[in-house]
Amino acid sequence: MTIRDIFDAMSYGPATESAAEAMAWLDTHGRRFGHFIDGAFTQPGESFATMNPATGETLAEVTQGSADDVARAVAAARKAQAPWAAQSGHQRARVLYALARLMQKHARLFAVLETLDTGKPIRESRDIDVPLVARHFYYHAGLAQLMDAERPGMEALGVCGQIVPWNFPLLMLAWKVAPALAAGNAVVLKPAEYTPLTALLFAEISREAGVPKGVINIVTGDGETGAALVVAKVDKIAFTGSTEVGRKIREETAGRGIALTLELGGKSPYIVFDDADLDSAVEGLVDAIWFNGGQVCCAGSRLLVQEGVAARFHTKLRARMDTLRVGDPLDKCIDMGAIAGPVQRDRIAAMVAANAEGDTHVAACAVPEGCFYPPTLIAGLSPSNPLMQQEVFGPVLVSSTFRTPGEATEMANNSRYGLAASVWTENVNLALDMAPKLAAGVVWINGTNMFDAAAGFGGVRESGFGREGGWEGLMAYLRPARTPRALKPVAPNPAPASAKVEGIDRTAKFYIGGKQARPDSGYSTPVWGAKGRLLGHVGTGSRKDIRNAVEAARGARGWAKTTAHNRTQVLYYIAENLSARAVEFAARLKAMTGKAGEAEVEAAISRLFTYAAWADKVEGAAKPVPMKALALALREPVGVIGALCPDEAPLLGLVSAMAPAIAMGNACVLVPSCAHPLMAADLAQVLDTSDLPGGVVNFVAGPAADLAAALAGHMDVDAVWSFSSADISGLVERLSAGNLKRTWVNDGRARDWFGAEGEGREFLAQAVEVKTVWVPYGEG
Amino acid sequence: MQTDNAHPAAPAAAATASQLPQVTPPHGHPRNPGQPLDLDWVARVQANTPAIERRAATLPGRRSVKKEYQAAWLCKAVSLIDLTTLAGDDTEGRVRRLCAKARQPVRPDLLHALGMEGLTTGAVCVYHEMVETAVRALEGTRIPVAAVSTGFPAGLSPYRLRIAEIGESVRAGAKEIDIVISRRHVLTGNWQALYDEMREMREAAGEAHIKAILATGELGTLRNVARASLVCMMGGADFIKTSTGKEGVNATLPVSLTMIRAIRDYEAATGYKVGYKPAGGISKAKDALVYLSLMKEELGLPWLQPDLFRFGASSLLGDIERQLEHHVTGQYSAANRHAMG
């Protein structure tokens, strides 16, 4: 074309970023890579090709990691970890700062290599991924610096196995490696099979930052390698990827006493109200579902538009789709690059082909041959349509309409997932009313896909658990520094040779929905005192009782909406009423345990005061993010918490689990001490007189393992805690995989319920979810 | 679709649907006749500032033109410039010099190398007193003369004089009139007054095209910018224009995005295309490319023609000349190698 032709046509022409430097770097390794273990690249072994999905050309051969490779990497990390953790926070901060600076110095090389390996547009890797990576290391240099002073009494977990996906290979590496290193851990990271190159470049460059040998190890390979890492002798697994694999990892790590965080899939709603700036909301969708070709866990893939503006909005949206440019990812003038691989592309195509419902619009833009997929909108789907429920992980947007804010909330939350949500409205009342109601770890008001190292990111429900970013993200790589003590099983008092029966027969029932309830099973067990006296009978709880209790707890969701002041008053009132019956409770404890009960009653009253105090003092935060926006970290209740209460402290243990849960607005189903279950029936009477709404606290007594299984397997329970002296930690963790509920188990370790470790921030953290609400602001 | 706005009023001022021969391509679009003031529509206009700013901030990273494409786009930018002098010390000599530059905006040898002989700017823009001089200086060309009018830049001279000024400029030979709106009507939400003013100015201009200057730097919010844009289009503006160049803040990308989205909505509802003119503050070739890609992305190719898009600029041309020489020679250029205006 001549210049005059172009003058008339005003077409863009190619604007290709050079790949020469990235290719030259690959050449310096002979385009063959081993693993990075103990500060050096290993000899390449059995290998496979990593391709440029946009062209199909092989970029390099990388080594398929074996279980031995993983073991060597874990051993190197193990050796390096203690000295690394022993360094001062400031020393670690220097290393993380150097990593941040190196990311900036090599920014373009990282960006081009990332684009070559993933097929994502160079604009995204250059303007989004790499700057966020640098920002993440800067921020965590700061956390390392401040950690000793700000989080005393915490220690690193040890060796962390980290598995990251192919959609943001380098960014997810940063999200995993930066907090792990800041906290003093060593890592073994497995990049995704198809996109290992930036991790290898990062490993090479990390040597220039003064990262000690063995602190960062990279083992490449496919899912088998990942599986080998999951079963290796690590202290934590951090995984970002599919819900399906996350569930397997949950099962695989169950009972091993190791930490786990999962950042999984999503089907995030994108809600547009009729008073929104529709043009901006349309443009937001470009960043929501066509960012990285929709291969984003938090992609706004489920559009919900208020009915009155739906037609106008969809017209604008279709017109906008048609001007998207799909093509060479290295071209600085395209909006969408290649899909990460042919398998992914075919999967997207198959999911769309299987759908017959709705009105499909395929963007009228040119799409190159090969591993590309056009921006697609399928409008007018019913909530039951599989495409409204399943994650497509591609540039496919589905949409539906709603009538009212209430209906929008209901539709948005009608999902197994709970990662992110967008809300578009010019009404601040509506926006701030919606944000807490949406089941999601992140809510963006009038925006989408905003990320920052200071702001926590992560999901609820089957989108996983744990947060990345902020102090809350760092805590996922720390644990309280305590010498572990084994918890001895506590058995009920044995039946005496001859029963001592005194007084009127006493029937201890369950407490469900604010009412006393008989066990569904129709069975009861006698409870004997320390001196062989019959103290009463306790019902034998079963899964049906758990079902009823969970239903009652779910029905008490209004508790979450009461004011913190109200919850504070109720907790004080419980303490007051318990105090009024202190003598009786102490006597009861004495009869059960044979030991004086006064101290335990006093400790329980104090504990109630502690959480009454906390109820209105667990504060959210406004994170200083580098943009004109409030990034609010809200502390929200987890939902329904099931807890197996300590056997060894019948009253204090019960209160220690109950009080933090209800202080933070949760409802709970508590299984009292299996050795001394009658305490719950007594406490229920106190609750009954303390203005606590029915259903907020429920007691079901019975065999720990059976009830733990019922709670952990229940799909409507959001978290399970186990302080039981029975060996059920593994059971709880394994069965929680069903809905990927949060778990907090004792791994058979004792806790001093009378001391500082029996209460406080550790409990509160388990009783809340951090929801990050982004509210960009500005007018003018 | 805004079906409630789909039936525009019968053309009022421009029943003859006059078109400017200089700038209207063979298959040109009909002139916007305006429509009755639709306050419901005005009231529901929203403009979310942070979202608009994000789009504006990321656009330059999303679109890029290189090499011969960049040269062609810069030539296009030249053809869209309203080469402007609006200074108190303007003289006939100064204006004649400017007109000479409009006729030959880029060195002939460069235009020859680019195959772009005959390239001129879109128009010359002057104060009323300079219109006749400019018209004479541009005789024999297709370059129209635009006059700023209606008590430019504040728009606070007596109303009847402001209206009369339009007629004077048209009689003096101006084919385009850049009027300033009464900002106070926007700031007080008096849309009826703004609409009436716009209509009357449009009528006073007759065959000449009206560019309505919103003085966006004085309107306070993007929402006001969006609403004022809409009301001016309802009142029959042929173009909406950001600034006089005299406000503290002139054309910006967020303001531009807001105004051209209003243009898009207006076209969707009425079928009439309205032009856009960012003015003031655009002085770099790179900025011009961003504006062109913004127009292409948001409104499409018709808005890359001088009948629907202009740059109000005085120093932009100089930077473009240097970039074009760089394209031709491969070496970075200097200002003194290009003729001044």
Side-chain angles (χ1 to χ4, degrees), chain A residues 1-17 121-124 126-128 274-284 286-287 309 311-312 315-316 319-320 322-325 331-335 424-426 445-448 450 627-629 775-780, chain B residues 1-3 44-55 57-58 61-76 79 113-117 119 219-226 249 254 257-258 260-262 264-265 268 292-293 295-298 300-301 304-305 324 327:
Chain A
M1 279 174 92
T2 65
I3 286 178
R4 191 172 286 279
D5 292 337
I6 302 169
F7 179 89
D8 291 333
M10 286 301 283
S11 47
Y12 283 116
T16 315
E17 178 75 33
I122 184 69
R123 179 192 76 87
E124 294 179 12
R126 180 197 64 199
D127 294 351
I128 299 169
D274 60 5
D275 68 338
D277 174 353
L278 297 187
D279 287 301
S280 288
V282 165
E283 202 55 49
V286 173
D287 293 329
V309 293
R312 199 146 56 91
T315 302
K316 283 174 179 284
R320 179 68 184 92
D322 293 347
T323 64
L324 290 170
R325 289 166 56 83
D331 192 323
K332 289 176 261 190
C333 204
I334 62 125
D335 298 301
W424 289 78
T425 172
E426 290 299 301
I445 305 297
N446 294 323
T448 186
M450 294 162 185
M627 60 180 285
K628 215 161 86 171
V775 190
Y777 60 86
E779 182 77 48
Chain B
M1 285 293 290
Q2 285 146 328
T3 48
R44 71 168 178 263
V45 165
Q46 299 288 7
N48 186 281
T49 298
I52 289 167
E53 286 175 345
R54 279 198 300 281
R55 166 68 171 154
T58 58
R62 289 178 200 258
R63 292 293 180 262
S64 178
V65 281
K66 299 292 175 198
K67 301 195 170 112
E68 68 271 26
Y69 287 86
Q70 189 178 92
W73 279 52
L74 290 176
C75 290
K76 177 61 76 177
S79 75
L114 294 164
M116 289 299 300
E117 295 92 340
L119 183 69
L219 298 187
T221 66
L222 291 181
R223 202 184 313 262
N224 275 347
V225 169
V249 179
L257 190 55
T258 305
I260 64 187
R261 283 175 173 175
R264 188 169 62 199
D265 274 352
L292 293 181
S293 63
M295 300 310 292
K296 181 173 156 85
E297 290 298 312
E298 295 284 334
L301 286 175
L304 293 174
Q305 300 300 332
L324 288 175
H327 175 77

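A, B, ... follow the sequence lines: proteins, then strands. Residue 1 opens every chain.
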Discussion item. Is any side-chain heavy atom of A:Glu426 closer than 4.5 Å to one of B:Arg223?
Written reply: yes

### Message
Measuring only between side-chain heavy atoms, which start at C-beta, is B:Val45 closer than 4.5 Å to A:Asp277?
### Response
no

Honestly, the part of B:Leu292 sitting under 4.5 Å from a heavy atom of chain A is side chain

message = Using the ring centroid of each side chain, check whether A:Phe7 and B:Trp73 are separated by less than 6.0 Å.
response = no

Whatever's closer than 4.5 Å to a heavy atom in chain A on B:Ile52 counts as both

Value for OG1 (B:Thr49) from NZ (A:Lys628), rounded to nearest 0.5 Å, stands at 7.5 Å

Minimal heavy-atom distance between A:Arg4 and B:Glu117, with the atoms involved, is NH2-O, 3.0 Å

### Query
Tell me, do B:Glu298 and A:Asp279 make a side-chain contact under 4.5 Å, heavy atoms counted?
no

Whatever's closer than 4.5 Å to a heavy atom in chain A on B:Ser79 counts as side chain

Cut-off 4.5 Å, heavy atoms of chain A, and the answer for B:Leu304 is side chain

Exercise. Is any side-chain heavy atom of A:Ile3 less than 4.5 Å from a side-chain heavy atom of B:His327?
Worked result: yes

Please test B:Arg54 against A:Met450 for side-chain contact (heavy atoms from CB on, under 4.5 Å), starting from the C-alpha separation and ending with a verdict.
CA-CA 11 Å; B:Arg54 279 198 300 281; A:Met450 294 162 185; 3.3 Å; yes

Applying a strict 4.5 Å limit to non-hydrogen atoms, the region of B:Leu74 in contact with chain A is neither

When rounded to the nearest 0.5 Å, the distance separating CG of A:Asp335 from CZ of B:Arg63 is 4.0 Å

Honestly, the part of A:Ser11 sitting under 4.5 Å from a heavy atom of chain B is both

Quiz item: Do B:Arg261 and A:Ser280 have side-chain atoms, one donor and one acceptor, less than 3.5 Å apart?
Solution: yes

Think B:Lys296 forms a cation-pi with A:Tyr12, using NZ or CZ under 6.0 Å from the six-ring centre and within 45 degrees of its axis?
yes

A:Arg126 side chain to B:Gly61 main-chain N or O, any donor-acceptor pair under 3.5 Å? yes

With chain B, the option among A:Glu283, A:Met627, A:Lys332 that has the most non-hydrogen atom pairs under 4.5 Å is A:Glu283

Bottom line for A:Ala276: the part with an atom under 4.5 Å from chain B's heavy atoms is backbone

The interface call for A:Ile122 against chain B, heavy-atom contacts under 4.5 Å, is neither

Closest non-hydrogen contact found for A:Asn446 with B:Ala51 is O-CB, 4.4 Å

Residues A:Glu779 and B:Ala47: closest non-hydrogen pair is OE2-O, 4.5 Å

Under 3.5 Å, side chain of B:Arg55 to main-chain N/O of A:Gly284, donor-acceptor pair present?
no

Applying a strict 4.5 Å limit to non-hydrogen atoms, the region of A:Ala629 in contact with chain B is neither

Of B:Lys66, B:Arg264, B:Lys76, the largest count of non-hydrogen pairs under 4.5 angstrom with chain A goes to B:Lys76

- Judged by atom type as modelled, is there a donor-acceptor pair below 3.5 Å linking the side chain of A:Arg123 to the main-chain atoms of B:Arg62? no

Among A:Ala15, A:Cys333, A:Gly13, the residue with the most heavy-atom pairs under 4.5 Å to chain B is A:Cys333

- Can you check whether B:Met295 reaches A:Met10 side chain to side chain, under 4.5 Å on heavy atoms? no

The interface call for A:Thr2 against chain B, heavy-atom contacts under 4.5 Å, is neither

The interface call for A:Pro14 against chain B, heavy-atom contacts under 4.5 Å, is both

Under 4.5 Å to a heavy atom of chain B? For A:Arg325 that would be both

If one checks every heavy atom of A:Val309 against chain B at 4.5 Å, the contacting part turns out to be neither

Between the OG atom in B:Ser64 and the CG atom in A:Asp331, the distance rounded to the nearest 0.5 Å is 8.0 Å

Establish, from distance only, whether the side-chain atoms of A:Asp275 and B:Gln46 form a donor-acceptor pair under 3.5 Å. no

